[in-house]
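Data first, discussion second: the structure below is written as structure tokens.
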Amino acid sequence: MKIDLIIKNIGKLVTMQGSFFPRVGREMNELDIIEDAYIAVSSGEIYEVGTGDGYLKLVDEHTKVDDANGLLVTPGLIDSHTHLIHGGSRENEFSKKLNGVPYIQILQEGGGILSTVNSTKNATFDELYNKAKKSLDRMLEFGVTTVEEKSGYGLELETEIKQLEVAHKLDKNHPVDLVHTFLGAHAIPQEYKGNNEAYIKILVEEMMPKVKELGLAEFCDVFCEEGVFSVEESEYILSKAKELGFKLKIHADEIVPIGGAELAARLGCVSADHLMAASDQGLQDICKNNVIANILPGTSFNLNKKSADGRKMIDMDVPVSLSSDYNPGSCPSENLQFVMQLGCLNLKMTPNEVLTAVTINAAHCIDRANEIGSIEVGKKADIAIFDAPNLEYLMYHFGINHIDRVYKEGKLVVDNKHVVY
Ligand code: NIG
Ligand code: FE
């Protein structure tokens, strides 16, 4: 066996190993942390994890040996909910927002998501590609090695496909792996205002089958919210998506508790995302049905709203993941480390629980736990080296980028905080 890479002298290695199911309750906090560790990599995969100079037997003239200098090492971070591909930005709505105009009101007045729909329609393929690449580089520089991305700024077939094709090209060319979600049910397009039924018919009968046929998305998602898609409409759309073979996600109970979490449980969604306003019944339902609660603390922070109750969910044994929701409206930031710090500061999660939520539980959230989310033999060698002595420090010293180096499938892609691929 040819060993391509050894990362030696790891001060603390958090492996997240042994999680065939999403971690819940106390498991989220009880981590395996190996001191004075090394990782051996062969053909982009983890070959062995050990301690001290046990790696010496594996080294030959082809092996690159990298010194972690006693730093903290974790699995590459996973951002399991983003709206990566979009045209334009929405700083023009910023002062409205600061003056207290609600997010949904801005949308109902033709701004918000609908404004980004216009910018995305007007952007060329290359413009969308270059803008998203810049964001993806930033995410990678923060230690993120896999990203879920959603369409939803076309609301008609051509632009939805353009968004997804941009994402597929990026997936091919960029070191970060992308997982694709179709979110044609992100808003009712302006020309169908007051005529939801007509748009939903096109969505279900034309758009979803085409996206499936082209193999452009693995998941289907709906923005289930008062004034956007009702529970009944969301149930119809997601049931049809299930019949077509999509795995399911849902933007649920972000603003008003309308029963999105309950619906996620009924349909067997892989994740229910947001949940700031979810009812206790909804949380019990998703817990019973193993739906992952994907909490987005950056969005609550940016909308100046109370975060979803991560502490309560973990105490109820709901599997929790955290992600950025990076988008031009409610979370214009690619910084998953800041989201993690909010997980501690606003959700009262422990640093260990937060790391679980952005590694192995996030991997389950995008159905990739067989290949990423932990450092164990046979998984992808996606590795983050932080310029920090321990996890507590990572969460406590907030608002900066702690990354030192990142490896993606055994290849050095970030060095000294900057992309080098
Ligand atoms: O997850 N809430 C719905 N969709 C996104 C925001 C999209 C936007 O405002 O452009 C979210 O927060
Ligand atoms: Fe979102």
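Start at 1 and go down the list; that is how both ligands and their atoms are numbered.
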So is Lys169 actually on top of Tyr129's ring, under 6.0 Å and inside 45° of the axis?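 Here Lys169 passes the 6.0 Å and 45° test against Tyr129.
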
Flag for [Y]-[X]: side-chain donor and acceptor within less than 3.5 Å:
X	Y	value
Asp415	Tyr421	no
Gln17	Ser374	no
Thr356	Glu353	no
Asp325	Thr299	yes

Check side chain to side chain donor-acceptor pair (under 3.5 Å) between Glu45 and all other residues, then give those that pass, not counting sequence neighbours.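 If we apply the side chain to side chain donor-acceptor pair (under 3.5 Å) test to Glu45, skipping adjacent residues, there are no hits.
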
Apply side chain to side chain donor-acceptor pair (under 3.5 Å) to Thr82 and list each qualifying residue two or more places apart in sequence or on a separate chain.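 Thr82 satisfies side chain to side chain donor-acceptor pair (under 3.5 Å) with no residue once adjacent residues are dropped.
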
Using a cut-off of 2.8 Å, count how many protein N, O or S atoms are strictly closer to the Fe ion (ligand 2).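 For the Fe ion (ligand 2), protein nitrogen, oxygen or sulfur atoms under 2.8 Å: 4.
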
Can you classify the ring geometry of His402 versus Tyr393 as parallel (below 30°), tilted (30 to 60°) or perpendicular (above 60°)?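 Plane angle over 60°, so perpendicular.
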
For ligand 1, list every N/O pair with the protein closer than 3.5 Å, one pair per line with the distance.
from: ligand 1; atom 1: 1 (O); to: His83; atom 2: NE2; distance (Å): 3.3
from: ligand 1; atom 1: 1 (O); to: His251; atom 2: NE2; distance (Å): 3.0
from: ligand 1; atom 1: 1 (O); to: His274; atom 2: NE2; distance (Å): 2.9
from: ligand 1; atom 1: 1 (O); to: Asp325; atom 2: OD1; distance (Å): 2.9
from: ligand 1; atom 1: 1 (O); to: Asp325; atom 2: OD2; distance (Å): 2.9
from: ligand 1; atom 1: 2 (N); to: Glu254; atom 2: OE1; distance (Å): 2.8
from: ligand 1; atom 1: 4 (N); to: His186; atom 2: NE2; distance (Å): 2.9
from: ligand 1; atom 1: 9 (O); to: Arg90; atom 2: NH2; distance (Å): 2.7
from: ligand 1; atom 1: 9 (O); to: Tyr103; atom 2: OH; distance (Å): 2.5
from: ligand 1; atom 1: 10 (O); to: Arg90; atom 2: NH1; distance (Å): 2.9
from: ligand 1; atom 1: 10 (O); to: Arg90; atom 2: NH2; distance (Å): 3.4
from: ligand 1; atom 1: 10 (O); to: Tyr153; atom 2: OH; distance (Å): 2.6
from: ligand 1; atom 1: 12 (O); to: Asp325; atom 2: OD2; distance (Å): 2.7
from: ligand 1; atom 1: 12 (O); to: Ser330; atom 2: OG; distance (Å): 2.7

Can a salt bridge be assigned to the pair Asp66 and Arg405 using a cut-off of 4.0 Å between side-chain N and carboxylate O?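 So Asp66 pairs with Arg405 through a salt bridge.
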
